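First the structure, in the form of structure tokens, and then the observations on it.
Below, read A as the first sequence line, B as the second, and so on, with proteins coming before strands; counting in each chain starts at 1. The model shown is predicted, which means the values in this text are computed figures rather than measured ones.
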Protein chains: 2
Amino acid sequence: MTTLAQVASKAGVTAATVSNVLRGRGKVGAETRERVLAAVRELKYRPNLTARALAEGRPATIALIVSSIANPFYPEFALAVERAVRKLGYFLLVCNTNDDPAQEKAYLDAVGGSLAHGVLVMNADFVQIDELVQLRERGVPVVLCMWEKPDQPPPLPSVAVDFYRAGIMAAEHLIALGHRRIGAVVGSERSGNHIWRYRGFVDALAKAGIAHGEGDVIFGHDTIDEGRSAAHTLLAGVPDLTALFVSNDLPALGVLQAAAEMGLAVPADLSVIGITDIQLAHQVRPALTTVAVPTEESAVVAVEMIMRMIDGDEELTPLRETAPPKLVVRASTGLVGRGR
Amino acid sequence: MTTLAQVASKAGVTAATVSNVLRGRGKVGAETRERVLAAVRELKYRPNLTARALAEGRPATIALIVSSIANPFYPEFALAVERAVRKLGYFLLVCNTNDDPAQEKAYLDAVGGSLAHGVLVMNADFVQIDELVQLRERGVPVVLCMWEKPDQPPPLPSVAVDFYRAGIMAAEHLIALGHRRIGAVVGSERSGNHIWRYRGFVDALAKAGIAHGEGDVIFGHDTIDEGRSAAHTLLAGVPDLTALFVSNDLPALGVLQAAAEMGLAVPADLSVIGITDIQLAHQVRPALTTVAVPTEESAVVAVEMIMRMIDGDEELTPLRETAPPKLVVRASTGLVGRGR
DNA sequence: CTGAAAGCGCTAACAT
DNA sequence: ATGTTAGCGCTTTCAG
């Protein structure tokens, strides 16, 4: 492994000078610079980022904590974060806790122990907030991504996405298509992360004077399989439903499959709408109508915030909003009653 | 940020001693150890991994280079790698090159510049092998994951998966079901990464005396959308096909969708088989029959190899084989002719 | 059993 | 314009 010192001696200068030419700092004679550059090339020198990090007091990485990389949304978000982070010269350390608190603690200790300069946390619901707050107190910049609880002020700097509004928009779309008997599949516990999406849906229904009772909703988990089974039991119990609101795209995909299995044509017999707009949503058939959420923007804003924190910006806005969600109409929703 | 020295002075000892008790090295008096541990707790000390890495001459991370995190297989593999790596006390740095050579070079320089202790490379097809070889020559351990070209000895230590065999198995399954007119959708260029999967398929057909010509195959890319469009053109051109072999699960999912769009029942009218067994394969309806490949094992073996290289094991086997693929019969394949 | 000291490779004042 | 000198926080001989 080639070191700065080796390059320096080869170029007949000192390490400081090499460092200067490499980083464009300070004044270096044109001729010296050439000699140094030549030595660098010849020795195939690559700066040791660990040493640099130690000397500068800041690692070259930002960590992204996700609860499960298996959910396709996370890779998509991670990708966006990575782009933003790379643009600023950092590397992304993707930390998959797998919903395991021990794993999560290991990661937080490690990144807090300065493997990473800052920590982005996805899906704060599954994460032990206390640990994060402690991390923050130890001076590590932390930001929560995709905060979706408008009623609770986040315990840490966060970027918010208006999922409540997304719920409303989904409902309004269904209502506009003439649906009056609309069921809901929620991809989280009753008190879980998706609750505000459901509230938005419910409020929009109420506003339109449409009935929606306890029997019209099922709470579960954020997976395709759960979406499918939820749809099965829901539709078996309440067969007159003409549309289903699903709080996330992944379970919505499951709902689509359930419909197919039950012989229901989508959207003729049943309309289905999701939230998020993951890639699979348009890759599936029928393509899923959904309310797209500003993934890219969230990532960019989150990275921006963490950089601000790193730079010690004191008047940091603790909660940044992103652009409102957008309805994306595809093939899984249609006018009510066409199939009957 | 608490440092070793601070803990030391608080415990009335020296940094060396603290280091010793924390790492279980050397001999430390029971009573001293207690005092140190108390100080550690009280000060909430976390070792600085950057400093440690520098002192030890080895970073705490292993890098995994993937060409595209968007393809759902990569996260799955990354997860397996991560588990294996964490078990050994390392952290995983997922590097998504996005098929961009510049991005890839940036990553390789960074990890080679000792951001990571070793580099695992997925899908070596999309990667500039020369760069990797150079990295290796500079002393960085590199291993290629999922090598699938039995005819070419890998330029670097690799773990091989027998995709040729997978192709054979897929074909044999279809043949056993009575199919004689079998088309193929290959998720890579004609000379690309999937070629041996296709060769296995072709060889098995030949062995069974089944005709398969140029018109029965389409080469493309490894995506759902490409799978779908390939199936459309293939089935339009050769309508008597009763089964489709697809070289990867992702395009196979697209084929399933194309079938639905064309009004073909699967498997009654058309049988479809993929390769890999990604999670989506069983989450989709009809569930995809596929030839499962040893993902987990590949990850474990790859990590094992890189550790060997890190330890400077000279008699490293340069090419390790994994267990043979396994046929997983689900709902997308069936006896020929049931639908006609 | 514990302490002192050197050094990992780099950066950042401060000198010259 | 270049060199000198300290560290960054930790590990690791080597003494005591």
Side-chain angles (χ1 to χ4, degrees), chain A residues 1-37 39-40 43-60 89 109-117 138-140, chain B residues 1-37 39-40 43-60 89 109-117 138-140:
Chain A
M1 187 201 205
T2 325
T3 72
L4 246 204
Q6 294 172 355
V7 176
S9 80
K10 170 137 209 152
V13 295
T14 187
T17 304
V18 179
S19 176
N20 277 338
V21 359
L22 255 28
R23 330 199 59 218
R25 308 258 179 131
K27 267 100 233 342
V28 201
E31 188 257 355
T32 323
R33 140 176 282 106
E34 273 321 309
R35 237 169 339 120
V36 168
L37 258 20
V40 164
L43 267 36
K44 291 190 205 304
Y45 168 76
R46 299 283 180 287
N48 182 323
L49 297 187
T50 301
R52 178 176 289 175
L54 185 58
E56 290 185 326
R58 83 184 115 100
D109 279 352
V111 301
S114 54
L115 229 194
H117 198 187
R138 278 198 279 121
V140 181
Chain B
M1 185 201 207
T2 327
T3 72
L4 245 204
Q6 293 171 357
V7 175
S9 82
K10 170 136 209 153
V13 294
T14 187
T17 303
V18 179
S19 176
N20 278 337
V21 359
L22 256 26
R23 329 201 61 223
R25 307 256 179 138
K27 264 99 237 337
V28 198
E31 188 257 356
T32 322
R33 140 175 284 106
E34 274 321 310
R35 237 172 336 126
V36 168
L37 258 20
V40 164
L43 267 37
K44 291 189 206 300
Y45 168 76
R46 299 283 181 284
N48 182 324
L49 297 186
T50 302
R52 179 176 288 176
L54 185 59
E56 288 185 328
R58 82 186 115 100
D109 279 353
V111 300
S114 54
L115 229 194
H117 198 348
R138 278 198 281 121
V140 180

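Leu4(A) places its CG atom 18 Å from the P atom of dG7(C), with the value rounded to the nearest Å. Atom CZ of Arg58(B) is separated from atom P of dG7(C) by 20 Å (rounded to the nearest Å). Rounded to an integer number of Å, the gap from Leu54(B) CG to dC10(C) P is 9 Å. To the nearest angstrom, C1' of dC8(C) lies 15 Å from CG of Leu49(A).
With distances taken from any side-chain atom of Glu56(A) to the nucleotides dG7(C), dT11(C), dC10(C), the minimum falls on dT11(C).
Residues Gln6(A) and Lys10(A) are not in side-chain contact: their nearest non-hydrogen atoms beyond the backbone lie 4.5 Å or more apart.
Two residues, Glu31(B) and Ala5(A), neighbour DNA chain C, and the one matched to the more 5' nucleotide by heavy-atom proximity is Glu31(B). Of the residues near DNA chain C, Arg52(A) and Ala30(B), the one whose nearest nucleotide (by heavy atom distance) lies more toward the 5' end is Ala30(B).
Arg23(A) has a side-chain polar atom (N or O) that falls below the 4.0 Å cut-off from OP1 or OP2 of dA12(C).
In 5' to 3' order, the nucleotides of DNA chain D bounding all contacts with chain B (an atom under 4.0 Å from a heavy atom) are dG9(D) to dT12(D).
Listed in residue order, the members of residues 6-20 of chain A having a heavy atom less than 4.0 Å from DNA chain D are Gly12(A), Val13(A), Thr14(A), Ala16(A), Thr17(A).
Using a 4.0 Å heavy-atom cutoff across all strands shown, Gly57(B) reaches no nucleic acid atom at all. Residue contacts shown for Thr32(A) are limited to sugar-phosphate atoms, with no base heavy atom under 4.0 Å away.
Here CZ of Arg33(B) is found 9.5 Å from CG of Asn20(B). Values are rounded to the nearest 0.5 Å.
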